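When reading the values below, keep in mind they use all heavy atoms of this one structure, side chains included, and skip hydrogens, waters and symmetry mates. All values reported here derive from a predicted model rather than from experimental measurement. Proteins get letters first, then strands, A, B, ... in listed order; numbering begins at 1 in each.
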Number of protein chains: 2
Amino acid sequence: MAAIGFCAHDHTACVADLMAHARAHCEKEGLKFTPVRQRTLEILLREHRALGAYDLLAQLADEGLGSQPPVAYRALDFLVKAGLAHKIEALNAYIACAHSGTDHSPAFLICRGCKAVAEADTAMTSGRLGDAARAAGFQIEHTVVEARGLCPSCQEPAR
Amino acid sequence: MAAIGFCAHDHTACVADLMAHARAHCEKEGLKFTPVRQRTLEILLREHRALGAYDLLAQLADEGLGSQPPVAYRALDFLVKAGLAHKIEALNAYIACAHSGTDHSPAFLICRGCKAVAEADTAMTSGRLGDAARAAGFQIEHTVVEARGLCPSCQEPAR
DNA sequence: AGCAGGCATGTTATAACATATCAATTCCTT
DNA sequence: AAGGAATTGATATGTTATAACATGCCTGCT
């Protein structure tokens, strides 16, 4: 399964790595990385794709970590606010951040073929959106930058 | 209320203008600009802000043009496909296109203070997103570019 | 120890957004 | 007039998200 950047990688290591990073980040920021939150991030990392809140909830429920929607939404809110996960607005789904827990303005490439989502990084105030905002005197707080289309692998069959 | 571009304008003329444009566009493309669809666009234009499907539906129902969700969603789908309206993914809401019915890749500035939405225009393949897509070999079909923040007027009170 | 305050969680219910399906109608073409 | 495609009407349901309120669980204070 192609996912991050549409290419294979050592996924076990990648999960462990990002979990350790998340733990360190929460420690440093004084955030409580509770069992539900850890498990939520682990699931997102392991799946390595955009997951709906209810998909996630089902997996949490399997493990006895709560079965009601607010459980999933609270955990996801926490992760998103902490910069450990992102919401893909075009899919109403959530995905683990592919980078560190640092503040950044992600951009996503969403393949309609294999549903893979790649995270790129942009600077919030750069590019066309930044230009438009400056011209209008608009003060940007958060950006949603997403592209739907076909990843390299999924372009083949269509030919 | 400041809305498009966060500035005042002759709204009556603007509605009439864009309706005429939409009519011409549908004529040219062989699209059926039916009463429900016309009324939907008129409502979006008149409100001049992002409207939820159910808000819109309520207004259609007031006029006896259907009261069930599919009525609103069909009309909105038509307008979106025709390039006469856009969906704001970050709000799950719809807004009339501020430009012509031509194909374009809009970007939106969404004020969290007054809920106004300004539409800017970008080129789909330009800017950071285009760069990232090219680097990944990703073929973009549609872009979602939205910024949340504060418009010029709404920045004042906070100071 | 006892308790107050804050945060996380549990639980129920419901709001808000969106689509599947099938029947009925219209309108255009043959 | 018959056939076919698109539109509309209507019912039901699926999916995503939050409100509201109760409970537990640390932590710091007296």
Side-chain angles (χ1 to χ4, degrees), chain A residues 22-23 26-27 29-41 43-44 49-82 84-95 110 112 115 144 146 148, chain B residues 26-27 29-41 43-44 49-82 84-95 110 112 115 144 146 148:
Chain A
R23 242 180 286 273
C26 290
E27 179 87 14
E29 301 288 327
L31 300 171
K32 296 186 183 173
F33 202 35
T34 64
V36 184
R37 292 167 179 179
Q38 290 188 35
R39 205 67 201 92
T40 300
L41 182 56
I43 291 168
L44 287 179
R49 59 193 178 92
L51 227 51
Y54 282 67
D55 293 339
L56 174 69
L57 182 59
Q59 298 207 33
L60 285 175
D62 283 349
E63 307 179 19
L65 282 170
S67 57
Q68 303 306 317
V71 172
Y73 282 101
R74 284 167 185 158
L76 289 168
D77 280 355
F78 171 86
L79 293 176
V80 168
K81 278 187 186 137
L84 298 169
H86 302 292
K87 178 172 187 183
I88 311 292
E89 297 286 353
L91 301 177
N92 291 319
Y94 302 82
I95 194 167
I110 305 162
R112 69 169 162 79
K115 314 292 181 198
V144 175
E146 301 167 3
R148 281 188 267 202
Chain B
C26 291
E27 179 87 15
E29 301 288 326
L31 301 171
K32 295 184 183 174
F33 202 36
T34 65
V36 183
R37 293 166 177 178
Q38 289 188 37
R39 207 63 202 96
T40 299
L41 182 56
I43 291 168
L44 287 179
R49 60 191 175 95
L51 225 50
Y54 280 67
D55 293 336
L56 173 68
L57 181 59
Q59 299 208 32
L60 286 176
D62 284 349
E63 306 179 19
L65 280 171
S67 57
Q68 302 307 317
V71 173
Y73 283 101
R74 283 168 185 154
L76 289 168
D77 280 355
F78 170 87
L79 294 176
V80 168
K81 278 185 186 137
L84 298 169
H86 302 292
K87 178 173 186 184
I88 312 291
E89 296 286 351
L91 301 177
N92 291 320
Y94 302 81
I95 193 165
I110 305 162
R112 69 169 161 80
K115 314 292 182 199
V144 175
E146 301 167 5
R148 282 187 268 201

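For B/Glu146, the salt bridge (charged side-chain N to carboxylate O under 4.0 Å, His left out) test picks out no residue, with sequence neighbours left out. Take B/Arg37 and apply the salt bridge (charged side-chain N to carboxylate O under 4.0 Å, His left out) test, not counting sequence neighbours, and it matches no residue. For the salt bridge (charged side-chain N to carboxylate O under 4.0 Å, His left out) test, residues two or more places apart in sequence or in another chain that qualify with A/Glu63 are A/Arg39.
The nearest whole Å value for the distance from the CG atom in B/Leu76 to the P atom in D/dT8 is 13 Å. Spacing between atom CG of A/Leu57 and atom P of D/dT15 amounts to 14 Å, rounded to whole angstrom units. The distance from atom CZ of B/Phe78 to atom P of D/dA6 is 13 Å, rounded to the nearest whole Å. We find that CZ of B/Phe33 is positioned 15 Å from C1' of D/dT7, with the value rounded to whole Å. Remark: P of D/dA6 and NZ of B/Lys81 are 12 Å apart, rounded to the nearest angstrom. The CZ atom of B/Arg37 sits 7 Å away from the C1' atom of D/dT7 (whole-angstrom rounding). As rounded to whole Å, 18 Å separates atom C1' of D/dG9 from atom CD of B/Glu63. The distance from atom CG of A/Leu51 to atom C1' of D/dT16 is 14 Å, rounded to the nearest whole Å.
A heavy-atom distance below 4.5 Å is not found between the side chains of A/Leu44 and A/Ile95.
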Inset, instruction - Quick one, give me the B/S/- string for nucleotides 15-30 of chain C, reading 5' to 3', where B means a protein heavy atom under 4.0 Å from the base and S means that only happens at the primed atoms, P, OP1 or OP2. - result: --BBBBB---------
Show the atom names and distances, to 0.1 Å, of all donor-acceptor pairs under 3.5 Å that link a side chain in residues 53-60 of chain B to residues at least two apart or in another chain.
from    : atom 1 : to      : atom 2 : distance (Å)
B/Asp55 : OD2    : B/Gly52 : N      : 3.4
B/Gln59 : NE2    : B/Glu47 : OE2    : 2.9

Without placing hydrogens or testing angles, list every side-chain donor-acceptor pair under 3.5 Å for residues 64-82 of chain B, not counting sequence neighbours.
none

